[in-house]
Amino acid sequence: MRSDIIFRIMAKIMIPLMLVFAFYVHFHGDFSPGGGFQAGVMIAGAVVLYAIVFGVRSAQCIAPQSVVSFLAPFGVMLYSGVGLCSLVFGKNFLDYSVFAHHPKHAHHIGILLIEAGVIVTVASIMIAIFYAFVERGR
Amino acid sequence: MQLFETIALHYNYAVTIFLMVLGLYIVMVCGNMIKKLVGLALFQTSVYLLYISPAKIIGGTAPILDSKFSLYSNPLPHVLMLTAIVVGVGTLALGLALVVRINEAYGTIEEDEILKRRSEENLNTEKVEKV
Amino acid sequence: MELYINAVLLTLLVVVTLAIMCQQNLFAVVVLFSAYSFLMASIMIVLDAVDVALTEAAVGAGISTVVFLGTLYLTKSAKIRSGQVELLPLIIVFLTGVVLVYGTYGLPTFGLANAPIHMHVAPFYLEQSIPQIGVPNVVTTVLANFRSFDTLGETTVVLTAGIGVMLLLKRRNKKGGDRT
Amino acid sequence: MSVVKEVFILSEHLPALIVVTPMISASLVAMVRCGFFAWALSTFVAWVLFSSSVVLLIKIINDGAVSYSLGGWPPPFGIEFRVDIFSAFVLLLVSSIGALVMPYALRTVEKDIHAENQPWFYCIYLLCLCGLLGMAITGDAFNVFVFMEISSLSTYVLIAMGQRREALLSAYQYLIVGTIGATLYVIGVGLLYIVTGSLNLYDIAERLGPSMADYHRPVMTGMAFIFAGISLKLALFPLHAWLPNAYAFAPSFVTIFLSATATKVSIYILLRFYFSVFGAAIPFSQIPVTEIIILLSLAAIFVASVIAVYEDRIARMLAYSSVAQIGYITLGIAISNEYALTGAIIHLVNHGIMKALLFAAVGAIIFRVGTDKLSSIGGLASRMPITMAAFLIGGISIIGVPSTVGFISKWYLGVGAVNAGLWPIALAMMASSLIAVIYIGRIVEVVYFNPVDQRCSGAEEPPLSMLVPIILLSIATIYFGLETSWTADVASKAAEQLLGEVKQ
């Protein structure tokens, strides 16, 4: 499929759009449907499309296996780290009110942080699962 | 028209049950491991309908608050089903990975064939031990 | 109106499910499953669950299909032999169905605003979302605030599954496949 | 001074920390990916968890149940952790077994798992621990499902890591059954949620009574689905088919841990729903499950024990014996007077200890001999005297000989049955012990009285890191069989409390 010019051109148009849409879904999740999980899956989808069209080797240049398998647990770490932050300041686990004085700001920061954790874990795990299946076929 | 409405009102649960039952049936009867996982996924997916259907209010709207609306559907089941979808895909990926490994180890993904081979092997080892 | 759109989509869902059951070609089964997920996503939109619809479209129709196709490629399997009808599963499935019909028949009528599900807990979320948190999408509020621990668990489930798949499928550097 | 203050603050947040610590350390293990570090950190975390659950249990015995709202949102709006004596007891069981098997893991995992995969293996193990602890601690019906899935998914992977190819097949079969069980559970919870509008277990219990009048059918169906789902998970006869293969082919370290904890936590969930949710809302006379459970338990005890007699591999024999022992526990739940329930709760812990001991001994045999087939371990006792003595202790405890833990639980169960006027059940329990004598006797005969098989002529005692947990577990088997004040007191308090929640 590498030589198919239509695929390559379409992918070049589609992949940036997919990534932009993924980040829109992520950061606009407060006001419209979506959030970290959906965005993570979309990012993974973009990488999968890239791998299908341009080959897994080149996909692994943008999203190397080692980085992916490092980031996956990092997301969970980030999420639970937010919870531990609340503990350190004497609130209950995952109580966001410690992040700022105004409760709404605090909640915004909290939501932003944990959604970042979710997107990192989900995107990298989905990519890692795809790589695992592809690598097995070699 | 009245009749249509009553049917339409019960239709969601009827379809939910149908999907559950069919999914369960595929899981139990199908010997092919991949199709079995498809059945399992159907079974899990039917639960989404069970949770989301009662959350809906006729004439309501999606739970994204706006001054133009006052009636919203229940957001809690939506959150629960997001979790369930994630769990479903996790199970599916793991199950398929196992299928790949089983295929490498046994050379087939048909359950009855594996069982047949296993019983043949047992017979063979018994023979060896007797000799 | 939405009731009828809902009914039509549900009927399509039933048709696709029956097709999945009867289909012997695994590739077709996977494609049908993808179609099933898209239909489910459409139904979720009709039922006002837009977040669930987005997720189901991305996961069920997207990632799941990719993983299924990957497995088909790795196992080189295309066709399945038709299984014979067995009695015990049929009985179990029938009983499950009967119990479910018995149980769901007594449920509150579909779409009413005064069902118990809308009376308890949920109003609190809808009322408090803007004043306390300032986020209009209540699903995000519940997901990330009220029940954020569930979401942490959900992320952990993804991590577990991912590491499990890597553990199962990653080839070792030296000599692989020393399983007897 | 500030240290004291900090410890005080930490103990306030202990319920959250017990679940989150394994989660964070699992991700740390997966990030660092170094074999020895993974083992060291897991061991450290397991022992920290053990000590914190001891602290938690003491705190609860002194001050009563603890409620912890996550995110600071009060229940039923947020997720609540509710720790009472019973859940703290189960937490202690899980974390103590988790801690005890860690030294054992060092050498067996080295042998069973490829060096590159070890960090991920320990990561999955920690996640499994996290899932089991979370199930026991949470007070939210859907949160139970999330943790159930964390523990199940990691269990499938752990089982699939077994050396033989059958391990993959058993993991796959367990995945199918376990997912069906979890989905049935979710369907049940969904039905309850539709009629009550709440997910918090205690809130459901409160609201279930009033809604019974209008929604009798959905509540009963929901109950049936929840019980069916959990029964699949806890391998209640005849839904036990996944268990023997899963235990027999998993790596021995995994088998020890799972046999002592996984089904026990499912039983905890069953008890929670049976007493604290449904029992608190509906008079027991309206729940038609008692007779069914008694029948199934008796069937489990006899059928599984008889199958165990005919097994050739010790691991499978012990796995079938596990199915039988689960029958004893469910029997105690079904009789549900104070003695029987105390017996069931003690047996949760006692069976955990003695099965861990037996499987640890079998793991040591496999480690040195390479097989656990009865036909090829003749005369092993002369080569591995300490291990086999420990096995013997575990065996007589399974039979229920006085001065072992097995006797204590059977005593309570028997007295409970007699108090309830169910003489035949007490007699049946004694008869079933005789079957246990046969299958344990078969092993003892082969190992002690047969001539030394050539396969185990070169065998010797396992390394110290494996021997110490085995010895500790056998000491526990005898100690808690003689000195019952500790286990029995806590168990009877837990039983009292559970029965106190029931609507008369």
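In the text below, chain A, chain B and the rest are named by the order of the sequence lines, each starting its count at 1.
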Margin query: Which atoms of D:I187 are under 4.5 Å from chain C, going by heavy atoms: the side chain, the backbone, both sets, or neither?
Written below: side chain

Item checked: Point-to-point distance, once rounded to the nearest 0.5 Å, from CD1 of C:I117 to OG1 of D:T196 -> 8.5 Å

Notebook entry, point to check: Do D:T221 and C:T104 come within less than 4.5 Å of each other through their side chains, counting heavy atoms only?
Noted result: no

Item checked: Separation of C:D150 CG from D:I79 CD1 (nearest 0.5 Å) -> 3.5 Å

Check: Do you know which two heavy atoms are closest between D:P218 and C:G103, and how far apart they sit?
Finding: CG-O, 3.3 Å

Check: So with a 6.0 Å cut-off around OH of C:Y102, is the heavy-atom count from everything else above 12?
Finding: yes

Next item on the list: May I ask you to check whether D:F147 and C:F149 place their ring centres under 6.0 Å from each other?
Entry: yes

Notebook entry, point to check: Between D:F77 and C:H120, what is the ring plane arrangement, given parallel below 30°, perpendicular above 60°, and tilted in between?
Noted result: tilted

Check: Pick from D:N143, D:V157, D:L199: which one has the most heavy-atom pairs with chain C under 4.5 Å?
Finding: D:N143

Next item on the list: Answer yes or no: is there a side-chain heavy-atom contact under 4.5 Å between D:L70 and C:R147?
Entry: no

Next item on the list: Go through the atoms of D:N200 and report whether side chain, backbone, both or neither lie under 4.5 Å from a heavy atom of chain C.
Entry: neither

Next item on the list: Identify which part of D:V20 has an atom lying under 4.5 Å from any heavy atom of chain C, answering side chain, backbone, both or neither.
Entry: side chain

Checklist line | Closest-packed option against chain D by number of heavy-atom pairs under 4.5 Å, given C:G153, C:A115, C:A161, C:A122 | finding: C:G153

Next item on the list: Answer whether the closest heavy-atom distance between the side chains of C:P116 and D:Y215 falls below 4.5 Å.
Entry: yes

Next item on the list: Against chain C, label D:L153 side chain, backbone, both or neither, depending on which of its atoms sit under 4.5 Å from a heavy atom there.
Entry: both

Notebook entry, point to check: Which bit of C:S148 comes within less than 4.5 Å of chain D, counting heavy atoms only: side chain, backbone, both or neither?
Noted result: neither

Check: Taking it one step at a time, do C:L100 and D:F225 satisfy side-chain contact (heavy atoms from CB on, under 4.5 Å)?
Finding: CA-CA 9 Å; C:L100 272 170; D:F225 270 81; 3.5 Å; yes

Notebook entry, point to check: OG/D:S211 to CE/C:M119 distance, rounded to the nearest 0.5 angstrom?
Noted result: 14.0 Å

Check: Which pair of non-hydrogen atoms, one from C:I163 and one from D:C123, has the smallest distance, and what is that distance?
Finding: CD1-SG, 3.5 Å

Check: Are the side chains of D:M161 and C:L168 in touch, meaning some heavy atoms are under 4.5 Å apart?
Finding: yes

Next item on the list: Report the distance from atom CG of C:L107 to atom CZ of D:R217, rounding to the nearest 0.5 Å.
Entry: 10.5 Å

Next item on the list: Quick one: closest heavy-atom pair of C:V121 and D:P76, and the distance?
Entry: CG2-CG, 4.0 Å

Note to self: Does any part of the side chain of C:K170, heavy atoms only, come nearer than 4.5 Å to the side chain of D:E116, both counted from C-beta?
What the structure shows: yes

Next item on the list: To the nearest 0.5 angstrom, please state how far the CG atom of C:L152 sits from the CE atom of D:M23.
Entry: 4.0 Å

Checklist line | Portion of D:L184 that has a non-hydrogen atom of chain C nearer than 4.5 angstrom | finding: neither

Item checked: Rounded distance [0.5 Å steps], CG in C:L167 versus CG in D:N117 -> 5.0 Å

Next item on the list: Kindly give the heavy-atom pair with the smallest separation between D:I124 and C:G164, and that separation in Å.
Entry: CD1-N, 4.0 Å

Next item on the list: Select, from C:V165, C:T156, C:L159, the one with the greatest count of heavy-atom pairs under 4.5 Å involving chain D.
Entry: C:T156

Item checked: Engaged part of D:V146 at the chain C interface, taking heavy atoms whose separation is under 4.5 Å -> both

